[in-house]
Amino acid sequence: MKRLCHALAPLVLMAASPALALGADDTAELYQTHCASCHGEARLGGIGPALLPGNLSRLKPDAAVDVIANSRPASQMPAFGETLDEGEIEALARWLYRPPETEPRWGEAEIGESHRVFHPDGSLPDTPLFDADPLNLFIVVETGDHHASLLDGDSFERIHRFETRYALHGGPKYTPDGRYVFFGSRDGWITKYDLYNLEVVAEVRAGINMRNIAVSADGRYVMAANYLPHSLALFDAHNLDLMKVYPVENAAGESSRVSAVYAAPPRGSFIAALKDIKEVWEIPWPLPTEPVVSTGHMKTPLAPSRDPSRESFKVRRIAVPDYLDDFFFDPGYEHVIGASRGGQGGMVVNLDSGEKVADLPLEGMPHLGSGITWKQGGRRVMALPHLSRAEVSIIDMESWERIKTLETDGPGFFMRSHENSPYAWVDVFFGPNRDRVHVIDKQSLEIVETLTPEPGKTAAHVEFDRDGKKLLLSIWEDDGAVIVYDGDSLEELRRIPMSKPSGKYNVWNKTRYEEGTSH
């Protein structure tokens with residue numbers, strides 16, 4: 001019997017559904033017959049992704065009907081157009097948006113049962129299987145068919161291509177030596193991958209709907225931020241053994257989803273913003289007694305340099321004036337810059353005092369998660385695109401005043417640069433001009449070039465090599481490509497065909513916390 005499997009892509013949550021052609025019990029029976037073996041009896045996922053409202057966020061609702069009826073390319077999803085009639089397919093698609101009667105549980109027991117170690121830490125050779133600079137590698141996430149490619153950052157040859165979990169989210173994170181990379185999926189899976197040996201070494205499911213993961217600057221700990229359940233989960237990075245689950249709630253017992261979690265190397269801690277509670281959490285990790293692999297200006301302090309009152313793995317609650325849906329840090333991680341709910345402004349909070357030190361006039365849904373900083377003259381500025389306005393805002397990071405607004409050809413999603421590059425790149429991901437990308441001179445603060453790499457196809461997300469001399473840009477389509485550019489002349493050097501390459505992540509830039517890339 002055909003079964004609804006691997007790639008019923010998550011769907012955008014519907015505010016309301018029309019009456020179902022079938023009764024709910026009949027539709028639930030359809031699900032158990034055709035879907036449960038791959039997606040789980042409780043819709044928590046299995047071979048295929050979880051099919052709960054909070055996980056269904058990648059396709060528009062009408063696309064669900066088409067996927068069930070006609071399958072999805074490059075997946076194990078069968079077509080049901082000849083097995084189910086139109087009414088059954090429509091009812092099944094809409095039923096998936098309904099929350100379960102009982103909220104599913106995912107606690108320590110469930111996390112433990114999901115844990116798999118394929119190659120225990122230290123059991124594989126310490127020498128790479130390839131001849132390339134291990135600190136100038138790129139991971140390219142290809143969302144079109146759920147794979148990742150490993151590229152040599154000097155030759156831009158593909159070293160390896162491998163299958164990933166469904167719907168990776170939040171960007172992969174590396175250990176400081178660059179050997180291991182950790183992937184987080186929307187369905188809550190954390191996968192540890194050995195880049196030297198090209199092998200998955202461990203996996204664990206941290207939640208049902210996960211936002212992102214962070215890796216401590218010494219590479220010893222992994223923290224996962226969850227929407228469902230409302231939790232943070234801490235793991236030992238060596239084999240992904242669970243260390244602790246933090247229920248995310250305030251003193252009154254009100255719980256919250258976690259917007260995101262990041263590592264703050266100069267502080268030796270994880271920083272988490274909460275979506276439904278007006279708090280930021282700081283969770284310190286134990287400081288090493290000897291230096292770890294250098295991460296440049298972002299290396300973790302040594303014990304006992306940190307305030308001894310900040311006990312390892314204990315939550316420090318920082319009250320903030322508003323909910324933080326998106327956020328960014330200054331280079332020293334002294335301040336968190338957060339976007340207020342609704343995207344109609346922002347605020348700057350000092351992480352030591354816990355006090356708000358400035359408001360930011362950032363209307364139009366500022367995408368702070370894509371913010372970057374650089375030195376402009378004698379001052380440090382930050383710049384960020386807006387998700388609903390065709391502009392880039394540039395902020396003085398001393399006065400916290402907006403010093404310039406650049407008009408663009410559309411709302412943007414990603415902005416990137418490198419310390420050694422004179423330029424910052426920003427896409428116009430949303431709107432009719434999504435095939436364009438702007439190049440901004442970081443000293444004049446002017447757009448000096450607008451490129452159209454592939455007319456009619458989305459151009460997005462830049463990542464530089466370790467030296468800041470070459471960069472990769474995505475053609476964000478199923479039949480897409482990664483384009484290699486010269487960072488100074490802006491000349492196209494080559495194209496590498498890929499399946500909807502979303503993000504590119506350079507080992508050096510990520511482990512050294514390069515100022516022009518996301519952290």
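All values derive from a computational prediction rather than experimental measurement. Both backbone and side-chain heavy atoms feed into the values below; hydrogens, waters and symmetry mates do not.
I483 and P453 make their closest contact through CD1-CB, 3.6 Å (heavy atoms, listed as atom of the first residue, atom of the second, distance). In this structure, L240 and H115 approach most closely via the heavy-atom pair O-NE2, 3.3 Å. Considering every non-hydrogen atom in both A459 and D427, the closest pair reads O-CB, 3.4 Å. When all heavy atoms are compared, the tightest approach of F235 to A224 is CE1-CB, 4.4 Å.
A donor-acceptor contact shorter than 3.5 Å is absent between the side chain of K356 and the backbone of M347. The closest donor-acceptor contact from the side chain of D467 to the backbone of K469 lies at 3.5 Å or more, if one exists at all.
Taking the ring centre of F429 as origin, the terminal cationic atom of R434 falls outside the region bounded by 6.0 Å and 45° from the ring axis.
For T373 and R380, the side-chain atoms include at least one donor-acceptor pair closer than 3.5 Å. For the 3.5 Å distance criterion, the side chains of S518 and R416 qualify, holding a donor opposite an acceptor. A donor-acceptor contact under 3.5 angstrom links the side chains of E142 and S149, judged on distance only. At a cut-off of 3.5 Å, with distance as the only test, a side-chain donor of S393 or H386 sits close to an acceptor on the other residue. T517 and E463 are linked by a side-chain donor-acceptor pair at a separation below 3.5 angstrom, with hydrogens and angles left out of the test. In this structure, a donor-acceptor pair under 3.5 Å is absent between the side chains of T408 and E391. Between the side chains of D177 and T175, at least one donor-acceptor pair of N or O atoms lies under 3.5 Å. With hydrogens and angles left out, the side-chain atoms of H169 and R186 include a donor and acceptor closer than 3.5 Å. Between the side chains of R436 and T450, not a single donor N or O lies within less than 3.5 Å of an accepting N or O. Counted by atom type alone, D218 and T300 present zero donor-acceptor pairs between their side chains at under 3.5 Å. A side-chain donor-acceptor contact under 3.5 Å links E279 and W281.
A distance below 6.0 Å separates the ring centres of F270 and W285. Between F430 and F413, a ring centre-to-centre spacing shorter than 6.0 Å is recorded. Ring pair F327/Y262: centre-to-centre distance below 6.0 Å. Note: Y513 and W508 fail the aromatic proximity criterion, with ring centroids not under 6.0 Å apart.
If you take OG on S421 and CG on D488, they are separated by 6.5 Å, rounding to the nearest 0.5 Å.
Of the options D465, N136, T511, a side chain to side chain donor-acceptor pair (under 3.5 Å) to N506 is made by N136 and by none of the others.
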Problem set entry | ring pair (Phe, Tyr, Trp, His ring centres under 6.0 Å) evaluation trace for Y485 with W425 | CA-CA 12 Å; Y485 283 95; W425 295 58; 5.6 Å; yes
Problem set entry | Full working for side-chain hydrogen bond (donor to acceptor under 3.5 Å, both in side chains) between E398 and W400 | CA-CA 6 Å; E398 292 185 5; W400 299 111; over 6 Å; no
Exercise. Between E249 and S256, is a side-chain hydrogen bond (donor to acceptor under 3.5 Å, both in side chains) present by the stated rule, with each step listed?
Worked result: CA-CA 6 Å; E249 57 186 29; S256 174; over 6 Å; no
Exercise. Can you check side-chain contact (heavy atoms from CB on, under 4.5 Å) on L195 and Y174, steps first, answer last?
Worked result: CA-CA 10 Å; L195 291 177; Y174 299 99; 3.8 Å; yes
Problem set entry | Worked check of side-chain hydrogen bond (donor to acceptor under 3.5 Å, both in side chains) between N226 and N209 | CA-CA 6 Å; N226 290 319; N209 184 354; over 6 Å; no
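Under 4.0 Å is where a charged nitrogen must lie from a carboxylate oxygen, and between R310 and D352 at least one such pair does.
In this structure, K442 places its NZ atom where more than 12 heavy-atom neighbours from other residues, nucleotides or ligands lie under 6.0 Å away.
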